[in-house]
Amino acid sequence: MLWSKTLIPTLKEIPQDAEIPSHQLMLRAGLIRRLGSGLYTYLPLGFRALRKVEAIVREEMDRAGAQEGLMPAMHPREIWDRSGRYETLKNVMFRVKDRQAREMVLGPTHEEIITDLVSREISSYKQLPCNFYQIQTKFRDEIRPRFGLMRCKEFIMKDAYSFDISSEAADGSYQKMYDAYVNIFRRCGLHAMPVEADTGDMGGSSSHEFMVPCEAGEDAILEADDGSYAANMERAEGFCDLPSLFADAEKALEEIATPNVGKIEDVAAFLKVEPRQLVKTLIYMADGKPVAVLLPGDREVNEIKLRNVLGAEDVVPADPETVRKVTGAEVGFAGPVGLEIPLLVDRTLEGLKGGVIGANKTDTHRLHFDLARDLAPEALVDIAFPKAGDLAPNRKGRLSEKRGVEVGHVFKLGTKYSLALGANVLDENGKSIPAVMGCYGIGVSRTLQAVIEQSHDENGIIWPVNVAPYTVLITVLSPKHEESMTRATALAAELENTGIDVMVDDREERPGFKFKDADLLGFPLRLTIGERGLAKGIVELKPRTEKSFEEIPADEAFDAVRDAVTRLREAQK
RNA sequence: CGGGGAGUAGCUCAGCCUGGUAGAGCGCCAGCUUUGGGAGCUGGAUGUCGCAGGUUCAACUCCUGUCUCCCCGACCA
C-alpha cells in the first residue's frame, strides 16, 4: 500500500483531550478520531491493527473449539425482562423505541440472547459441550467514558458462551478458554496477567480477569511476591501479621474527651497514636437493618465482601440520622461496646489489646480496648480490603499493589441464565436439566490500545509484529527517483506474495519528516531506500526497537526482510 | 449526579481582567531555495470567537441561560 493513497493524519502536537500515552499516540498516529464522548472512528491504519487482533482472537477461539456466529446488537426488551436484567442493567443499557413504540435495547452483552437460542436449538446432552462466540460492537451507557478506547460507550468485544452438562464439564470449558486467553494475549505481544476476580452482577461462582499492568489502569490488583496469588482488589484476600498489642494493654476501659475530633486521622493525631491502633466502627444498613462493622483505623471496608458475609442484597452506609439513633452519638464516635445491633469484626483485629474505640457518646472515645475481654466476638470475618505488605493467602508471599487494565474476563456462570431462559437438555437418563454455562469476554478495541500503552517510547508506538497495521515500512527517500520507486514497489509486491504486509512511504517529504512519522507509526521494520545508497548498491534495514540501521546489499533486501520478519514472528508465536 | 477545568483557524494556544473592526506557531495553497531525524524565505486562503438571549452607541471581552468536551469523585459486568 502506498502511504500517499492512505488517510494517515499524523499530528506533531499532543491533542488536548488525551491524557495517557496510548490515547495520545492513537490520535497522533492517525489511528482513531473522536466523534463524541466515548465514540471513536477507526481510521484505515487503526482498523488494520484492530483486525489483526480480531484475527488472533478468531484463530485461538476456533482452535479451542468455539464456533463463531453473530447475534443482533438490538434486542426486544422482553428477553431482558426474562432474566430480570432489564432492571439490574437499566443504567447501563441504551434503550430505544421503534416506530410502533416497541421497546428495544442496544446489547451491552449477550447471555440472554445466546441462552434463548440454545434453549430452542439444543435439547440433548449429546450436543454438549458447545461454545459460541462472536466479535461485535457492544453498547454501554458508561457514566464516564475515558482514555480513548479504554472505556467507550460503543466498543468491540469478543464474547463467548459455553454450555455443559455438569459443573465439572463446565470447569473444563472454562479452562479451555482460560488457556486460549493466555495464548491470545501472548500473541498480541501483551503481558497480561490472570487475576482472581469478583463476579459482580454477572452472577456465577468464580472468575478470572486478564489484566495488563500499567499506571493508567482503572483496577487495583494485589499480587504475591512469590507468584502464588494475584487478585483484583475487589476480591483480594490477605492476612495481616502486624501485632495488635498496644501500650497499656492490660488497663481497664477509660473514657477520654475528644472534642470535635471524630475522624480517624484527627483522633490519632489528638491522642498521639497510630491510626492502626484505633478501631473504626461503621454503621451500615443491610437490607434496611443496621449492623456495625469493626476494623482497624487504617483499613477500608470492602462492601462486596460485607454483602457476601451478610448474605444481603443491598448494603449501604447508614445515614447520619440512623447513626445517631443507633449509637446515641454524632457520627465519628461510634464504638462496639454497648451497641444493640449485630457486630461484624474484621479478622485483622484478632488479639487486639490496648485499642481506642468510640464511646457512643459525642466528643468521647475510650482507651485500652481489649477485643477478647470487652467484646468477646463469636467469630471474626474478612470484610476489609487487604493492603500492600499483607501476607498472601498461602501465608508465605507478601502482597504488593499495582494497577491494571482489564482486557479479558472469564466467568463460571452456573445455571442462572439457563434457568431463567429455559436452556434445558435431557441427560442420559432422560431427565431435563439446565445447562451449566460459562461466559468469556475480551475487549478487543481496549486490547488494541493496551498494546500501545504497554509498548511505546518517546518517539511513538512500537507495534508487536502480530498486530502492527503493516509489518514493514519501505521509506523511499526520493520518490521521484525512478530506480528507488521501482525497487520499492517490486520488493513490496514480492513481500506481499509471501504474506508480509508492506506500506511504502512514497510521499514527497524530507527524510527527517518521514523518519519521525515512521517512528510515530511504529512499524516493526523499516527499510530505507535512497538514491545515494542505491548508487552503492545498498539499502538500510532498521527494526523499530533498534537505534541504528544495518546496511544490506539492495539485491538481498527481500531475503533480509523476510528473515527479519520471521525472527520477529518466531519470538512472538 | 457532585466538584474542577475548557470551548477563539485543521492542530496547539494567546487575546477577555480594563468592551472599540480577531491574533501567533504549526498545518494548508503557490513560488523559489533546501533535502538523512518534524527545513528556510516570499506571497496567499481559512473564523457565524460553542449556541441563545440580555446590557451597551459598540460584546471574543460584561450578565443570564444552555450545549459540548476533559479531569477528579460518586456510580458501574
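Lettering follows sequence order; numbering is per chain, from 1.
- At a threshold of 4.0 angstrom between heavy atoms, the contacts of A:Ile14 are confined to the sugar-phosphate backbone, with no base atom among them.
- When both pairing distances are held under 3.5 Å, B:G31 makes a Watson-Crick or G-U pair with B:C41.
- You'll find a donor-acceptor pair under 3.5 Å spanning the side chain of A:Glu540 and the base of B:G36, going by distance alone.
- With the nearest nucleotide of RNA chain B identified for both A:His110 and A:Pro145, A:Pro145 has the one nearer the 5' end.
- Within the nucleic acid shown, A:Arg33 has no heavy atom closer than 4.0 Å to any nucleic acid atom.
- Using a 4.0 Å cut-off between charged nitrogen and carboxylate oxygen, A:Glu215 and A:Arg403 do not count as a salt-bridge pair.
- Using atom P as the reference point in both B:U61 and B:A9, the two lie 15 Å apart (nearest Å).
- Taking 3.5 Å as the limit, the base of B:G25 and the side chain of A:Glu13 contain a donor-acceptor pair of atoms between them.
- Residue A:Thr10 places none of its side-chain N or O atoms closer than 4.0 Å to OP1 or OP2 of B:G38.
- At the phosphate of B:C71, OP1 or OP2 sits under 4.0 Å from a side-chain N or O atom of A:Arg144.
- Pairing of B:U18, defined by two Watson-Crick or G-U wobble distances under 3.5 Å, is not identified with any nucleotide.
- Residue A:Gln16 has a polar side-chain atom (N or O) positioned under 4.0 Å from OP1 or OP2 of B:C13.
- By the 6.0 Å and 45° rule, A:Arg507 stacks over the aromatic ring of A:Trp3.
- Pairing for B:U66 goes to B:G50, judged as Watson-Crick or G-U wobble with the two contacts each under 3.5 Å.
- Between A:Glu540 and A:Arg526, none of the side-chain N atoms (NZ, or NE/NH1/NH2) sits under 4.0 Å from a carboxylate O, so this pair counts as no salt bridge.
- Note on A:Arg140: a base of the nucleic acid sits closer than 4.0 angstrom, heavy atoms only.
- Between A:Ser22 and A:Met150, the closest side-chain pair of non-hydrogen atoms falls below 4.5 Å.
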